[in-house]
Structure formats: structure tokens, C-alpha cells
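Let me begin by presenting the structure, written as C-alpha cells, before commenting on it.
Being a predicted model, the structure only gives us computed values, none of them experimental.
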Amino acid sequence: MAAQMSSSSAPESCLFMAEWEVVRVQIHGVRRQHAEQILCDIQLRARGGLAALDAWSTVLEARKALEEAAASAAIKATSELEARWRPVRVDAHDGEAAAWLLAAERAHAEARAASAKRWAVAAPADCNPLKRRHQALVDSANGSLPEVVRAWDAAHEAAVQAWQAHNERLESTARAVAEERAPPDSWLSEVRYRERARAVLVQQAATERLLEAKAMELVALEVDRARVWGAFASSYSAACNGFAASPEAAAMASMVLLPSVPTVRLPGGMPPSDAPLERPLPQIPDMPSAGGAVLQRMLVAMQAPAGLFGLGGGGWRDGAILVLTLHGYLHLFYSDAGSTSSKPATEDNAAAEDEELVESAIRASVYVPMATKCMFLQKGKELVCEVSEPTEAAPAGSGSSSGAAGGGGGLADAAASPVVAAGSSTPGSGSGGLGAAASAASSGLRRLLSRSPTGLEPVPRRVYARVANAAEFRELEGRCHEFVRRGQGLRAAVAAAAAAAAKAQATAAPDPRAVC
């Protein structure tokens, strides 16, 4: 189906990510096949042009060598003939005839030597530089160009795998919601997929630009090669016909008859001006927005981290983005490249909505239903929110290597079976605390959100940010408190299930006194 898609059949827009991914894969197949054809065409034509230039130079070198050998042989034969003939020759009878014959032979040898010199300079001045340019293009077509295409393939494969992981995460989320369990963060897997998909589009654009540039370079080389062929054919004809000054050489040269010189044409029999225009390739529509699983997204200021040995830090750093997802995950993003602190407030809000988030920019993440602290304070004109989870490490054997850069199973597995206990009230929210059991329940979240490839350096489980907009601040406060209240029922249900499982295990265990 991908091979049959044209620019007219490709949709102009997509509403859902699943639809967009299907279209992207189909159009990728079309454009990838087109890029493969261009690459093969460049390789074939560049090698053919280089082989033609080598053949032209080889002909000139061969003719030069033959003429030099003929001149040397003629001189040697004339000298030997003179050496054998002179002692027995009667000059009174054969002197004039011998002089005429030997002079003719020497003239013939000189004509061959002069012809060798003409063949030596018959190559056009642009021939060798053109060969070097063809050789450079051949090396690129066999080296860097395939590497770029392979990088495009690798980026596409990474995007496909990221979509498969995101699709599995969506299914896990749906099951968890139906079973009233803590759902995994499907929005974060979407962020990962979108990052991979954007990387494919960037690599595709770079690959196609490079192939187009090399194709244009090839066309320019073929135009120059056609021009050099015309100069070569003229030099070849002149070298064959001789134009020698001696009457003997001129008489021989007039006997050489060459057919009319053909023109060099491109593969397929078409010069560049006659090549037909290719059909436009289908274009990938714009990626749908990522707001479907986001309840709230705003521009905030984050607390600056401490410097070396814990010195410095504590101030506010503008340009961070705070995201609250549909299932209660609160993520704080910050990227030095994406900071918009120098822009007006209206432009900051627009930039926060338009900026594409990447997983590596996560600075803190909290699963709000499992939060032990949910505080929203107003200090003068400052509006500060602090939401955090327990910071205890994941239990041994929990497999904390899934990481943010790795696969997608850690979060779903951990969130599917949380073990929590009731605790003290949450400051600022009136909600119940978690205790040590809540830490074990959310340990799987830390495994997924770790920035380290080994999962040993988890993302901080504390979001501390300053909000500039009072209305957004109050809206975020209400939503977070609602998630914390939902978490109380979730914790109670999970605690009851854990207690029932522990009781069943104790009942099934044999009594040691009975064994004795």
C-alpha cells in the first residue's frame, strides 16, 4: 500500500496519533524507496562517468605509448639498416636512392615521435580535475550517503519501537483504569514517541537534502563531462589526422577517415534539459497536538539546583514547563535551549504551549495520588507549589534499570500493584499521608523516570515551582488536591488487598509445632 500512495492520496491532516503513525509509516515507505532509487542512480551514473573518463585517458596513453614505440623501433631499424648497407653499398650506383630511402624512414620515425607528442597533449585540461570530482562523488556515494540512509532507517525503527511501547502503555492504562488500579503514565511514553518521530522527520529531511545535493552535483558533472567529451573528440581527431608539417606525414594523415563524433548523453538517452519532471512525493501531515492526555500545562519557574559541594542554588530559574497529565502525573521540564525567560509573558505562554517536550528535559516527576506533601502557598506576590513523594530507594530486586531512556515495562508493573498504608494528613490539602508502604508502591515510577541509562539516578520525586498566573495556580491546586483524595481510596483498596494476601499466605504456611 505504501508503494502506491501518491501526493494526492495522502491526508492533509490527522486528528489522532495512531492515524498519524499509520500515515507516517506509509509515506516513509514511499520516500524511502524514492531515496533508494536516487542513491542507486547516483552510484551507477557516477561510476559510469568515472569509467568513461578513465577509458578516454587510457586510449590517449595507449596511443602515445604505441607512437613512441613505433618511433623508437623505426629509428633503431633505420640505424641498423644503414650500418649493414653502408659497407657493401656502391654510392655511385645506389647513393642517391639510399639517401632518399633512409631520409624517408627517418622522416617516418620523426612523424611517429611528433604524433606521440600530440597524443601526450591531446587530453583536455579539464579532464583530470573532472576525474577527481567524479572520484570524490563515487567515494561519497559508496560511503557517506549509505551511512546517512542507514541512520534514517535506524531512526525510523526507533520510532516504530517507541510507538509499539506507547501502544502497549495505552492498553496497560486502560486495563488499570478498568480495574481501579494506579495507571502507568501513558503521556510520558507519548512524549518519548513524539521525540523519536521528530528525529525521523529531521533525519529524513537531512537525508533527502543530501541526496538532492549529490544528484545536482552529478548533473553538473555530466554536463561538464559532455563538454569535455567535445574537447576530447576534437583533440582525438586532430591527433589522428596529424596536421604534420612534413609532406610524408600529411600524405599519411589524409588517409585517416573518422566518422562523425556523437554527443555524450545521460543514462536513458536523455540530456539534462530533456529529463521529465518527477511526480511530487507525498508529504507527511503535521503531527497532532499532545494535549489529549494533558489536563494542565503552564510556564513556571523552577528552583535552581545547588552547585559544586552544595554551594549556590536556591534561586528561581524561569523558563520551566509544568505538566499535569490526565492520570495524575506531574512533570517539571526545563531545557537551557528552550528557555523563554527573556520574552514577554504573553509570548512565554504561547511558547510553553508550542514547545515540543523531550524526555531528557524532565527535572522532577511526581505521581500526585501517591504524594505525601501537596502544598500551595502564597508568600506575598509569590505563588509556590510543592508536591512530593517519599524519597526512599526502590526495594531490592525491583529491577530499577528500565529508566527513562529504556523500555516501557517498569512503570506499568510497579503501578499495577501498589502497596500503601494510611498516614498523617497532607499539609495544605487535608488529604491522608502515605507512609513507608506508599514509597514501595511508587518505586516503579522512579524506575521509569530515571534519566540514567542504568536507572541508578532517578529523577527527583519533588516538584517545587513558582507560578506567575494566579488563576492557573488555583486551578492546579484544585486538581492536585482532587488527585490526592482519589489516591486515598486507591491506597485503601490496595492495602486491603495486601492484607488479604498476607493473611492467605499465613494460613497456607504449616504450623512448626505440628511438624515437631
Exercise. Are the aromatic ring centres of H331 and W187 under 6.0 angstrom apart?
Worked result: yes
For this session: Check whether any side-chain heavy atom of L330 sits under 4.5 Å from a side-chain heavy atom of V323, and report yes or no.
Result: no
Seminar exercise, completed: Sequence neighbours excluded, the answer for salt bridge (charged side-chain N to carboxylate O under 4.0 Å, His left out) partners of E386 is K373, R462
For this session: For Q37, check side-chain hydrogen bond (donor to acceptor under 3.5 Å, both in side chains) against everything at least two apart and list the hits.
Result: none
For this session: Could you please spell out the steps behind the side chain to side chain contact (heavy atoms under 4.5 Å, CB included) verdict for R196 and V200?
Result: CA-CA 6 Å; R196 303 293 189 275; V200 175; 5.7 Å; no
For this session: Could you pull out all residues at least two apart from E171 that satisfy salt bridge (charged side-chain N to carboxylate O under 4.0 Å, His left out)?
Result: none
Problem set entry | Atom of A364, atom of V459 and distance for their closest heavy-atom approach | CA-CG1, 3.4 Å
Exercise. Is R175 salt-bridged to E179, going by a charged N under 4.0 Å from an acidic O?
Worked result: no
Problem set entry | Pairwise distance CZ(R225) to CZ(R133) - rounded to 0.5 angstrom | 12.0 Å
For this session: Identify whether the distance between the nearest side-chain nitrogen and carboxylate oxygen of E147 and R150 falls below 4.0 Å.
Result: yes
Exercise. With A141, which residues qualify under side-chain contact (heavy atoms from CB on, under 4.5 Å), at least two apart?
Worked result: I42, Q43, L145
Problem set entry | Set of residues satisfying side-chain hydrogen bond (donor to acceptor under 3.5 Å, both in side chains) with respect to S189, sequence neighbours excluded | H166
For this session: Keeping the roles fixed (side chain from E217, backbone from L137), state whether a donor-acceptor pair exists under 3.5 Å.
Result: no
For this session: Under the salt bridge (charged side-chain N to carboxylate O under 4.0 Å, His left out) rule, collect the residues that match up with R474, sequence neighbours excluded.
Result: E477
Problem set entry | salt bridge (charged side-chain N to carboxylate O under 4.0 Å, His left out) involving E195 - partner list, sequence neighbours excluded | none
Seminar exercise, completed: Here the gap from F473 atom CZ to Q378 atom CD, rounded to the nearest 0.5 Å, amounts to 7.0 Å
Exercise. Could you walk me through whether L324 and V294 pass the side chain to side chain contact (heavy atoms under 4.5 Å, CB included) check?
Worked result: CA-CA 6 Å; L324 179 64; V294 176; over 6 Å; no
Seminar exercise, completed: side-chain hydrogen bond (donor to acceptor under 3.5 Å, both in side chains) filter on E36, not counting sequence neighbours, yields R32
Exercise. Between H481 and F376, does the ring centroid distance fall short of 6.0 Å?
Worked result: yes
Exercise. Checking side chain to side chain contact (heavy atoms under 4.5 Å, CB included) for the pair D153/E157: CA distance, chi angles, key distance, verdict?
Worked result: CA-CA 6 Å; D153 292 339; E157 185 62 28; over 6 Å; no
For this session: Considering only NZ, NE, NH1 and NH2 on the basic side and carboxylate oxygens on the acidic side, decide whether E212 and R209 come within less than 4.0 Å.
Result: no
Exercise. With S140, which residues qualify under side-chain hydrogen bond (donor to acceptor under 3.5 Å, both in side chains), at least two apart?
Worked result: S144
Exercise. Quick check: does any side chain N or O of R363 sit under 3.5 Å from a backbone N or O of F333, one acting as donor and the other as acceptor?
Worked result: no
For this session: Taking R466 for its side chain and M302 for its backbone only, find out whether a donor-acceptor pair lies under 3.5 Å.
Result: no
Problem set entry | Non-neighbouring partners of V384 that pass side-chain contact (heavy atoms from CB on, under 4.5 Å), sequence neighbours left out | W316, E382, Y464
Exercise. Hey, mind stepping through Q203 and V148 against side chain to side chain contact (heavy atoms under 4.5 Å, CB included) and telling me if it holds?
Worked result: CA-CA 8 Å; Q203 188 65 39; V148 171; 3.9 Å; yes
Seminar exercise, completed: Residues pairing under ring-ring contact (aromatic ring centres under 6.0 Å, His included) where one sits in residues 128-152, two or more places apart or in two chains, turn out to be H28-W152
Problem set entry | Under the ring-ring contact (aromatic ring centres under 6.0 Å, His included) test, residues paired with Y193 that sit two or more places apart | W163
